[in-house]
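A quick note: this is a predicted structure, and the numbers were derived from the prediction, not measured.
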Amino acid sequence: MSGRNEKELEGVNLLGNQGVEYSFNYSPDVLEAFENKHVNRDYFVKFNCPEFTSLCPKTNQPDFATIYISYIPDQKMVESKSLKLYLFSFRNHGDFHEDCMNIILNDLVELMDPRYIEVWGKFTPRGGISIDPYTNYGKPGTKYEEMAYHRLMNHDMYPEKIDNR
């Protein structure tokens, strides 16, 4: 199989661009997608994003997290540099942890229309409590909808060890 041609890379503008500016305000329009060349197969794409920052909507204090995004693509996939810039855009966004994870999930579903996706935030403790919201989505009317239900009902039964907090 050969590499990607220019037509397949249409819409991917941030990758390789040295002059990209980082937005400090929530910016879903920075997300870019490209064609999945393997639509005949189910497979997971996983992103671990250990430097997520947002703001508490009440105190304006920073909240830090590692964000785990796992998805089974359908026709489109998210381009990783645009995802990095998108996650960075939460830096001055004031929302609760649970809201941020659901916003990320909603934006990625809108961008890609994946078969399945989950977003899990593992926030560092503040005030002696860490908050780890998990949200997922399976394409309605498909086996992925059942998968989402099953994974949600069985989520975190065997939590993995996290060393970065």
More than 12 foreign heavy atoms under 6.0 Å from NZ of Lys139: is that the case here?
yes
Counting heavy atoms not belonging to Tyr149, are there more than 12 under 6.0 Å from its OH?
no
Show the numbers, then the answer: is there a side chain to side chain donor-acceptor pair (under 3.5 Å) between Asp107 and Tyr26?
CA-CA 11 Å; Asp107 288 343; Tyr26 169 68; 2.5 Å; yes
Taking the side chain from [X] and the backbone from [Y], do they hold a donor-acceptor pair closer than 3.5 Å?
| X | Y | result |
| --- | --- | --- |
| Asn92 | Asn25 | no |
| Ser130 | Pro125 | no |
| Asp99 | Asp95 | no |
| Ser89 | Ser27 | yes |
| Glu145 | Gly141 | yes |
| Glu79 | Lys81 | yes |

Please round to the nearest 0.5 Å and tell me the distance separating atom [atom1] of [X] and atom [atom2] of [Y].
| X | Y | atom1 | atom2 | answer |
| --- | --- | --- | --- | --- |
| Leu108 | Ile117 | CG | CD1 | 4.5 Å |
| Cys100 | Leu105 | SG | CG | 13.0 Å |
| Lys122 | Ile131 | NZ | CD1 | 13.0 Å |
| Tyr68 | Asp132 | OH | CG | 9.5 Å |
| Ile69 | Lys46 | CD1 | NZ | 12.5 Å |

Walk me through whether His93 and Ile103 qualify under side-chain contact (heavy atoms from CB on, under 4.5 Å).
CA-CA 11 Å; His93 182 76; Ile103 290 166; 3.9 Å; yes
Do [X] and [Y] share a hydrophobic cluster (ILVMFWY, side-chain heavy atoms under 4.5 Å, transitive)?
| X | Y | result |
| --- | --- | --- |
| Phe88 | Phe64 | no |
| Ile72 | Val39 | no |
| Phe96 | Leu87 | no |

side-chain contact (heavy atoms from CB on, under 4.5 Å) for Glu118 and Tyr116? Distances and angles first, verdict last.
CA-CA 7 Å; Glu118 58 191 34; Tyr116 174 82; 2.3 Å; yes
Is it the case that the side chains of Tyr71 and Arg115 hold a donor-acceptor pair, with the cut-off being a distance below 3.5 Å and no angle test?
no
Donor-acceptor side-chain pairing of Tyr144 and Glu146 below 3.5 angstrom:
no
Apply side-chain contact (heavy atoms from CB on, under 4.5 Å) to Ile104 and Phe90, showing your working.
CA-CA 10 Å; Ile104 292 168; Phe90 278 83; 3.7 Å; yes
Side-chain heavy atoms of [X] within contact of [Y], under 4.5 Å:
| X | Y | answer |
| --- | --- | --- |
| Met147 | Arg151 | yes |
| Asp63 | His97 | yes |
| Val45 | Met77 | yes |

Please verify the inter-ring angle class for His38 with Tyr43; under 30° counts as parallel, over 60° as perpendicular, anything in between as tilted.
perpendicular
Dump the intermediate steps for side-chain contact (heavy atoms from CB on, under 4.5 Å) on Leu31 and Val78, then the final yes or no.
CA-CA 7 Å; Leu31 286 168; Val78 64; 4.0 Å; yes
Distance-only check: which donor-acceptor pairs under 3.5 Å involve side-chain atoms of residues 47-58, not counting sequence neighbours?
none

For Tyr137 and Pro114, which heavy atoms make the closest approach, and how far apart are they?
CE2-O, 3.7 Å
Any idea which heavy atoms bring Pro133 and Met101 closest together, and the distance?
CG-CG, 3.5 Å
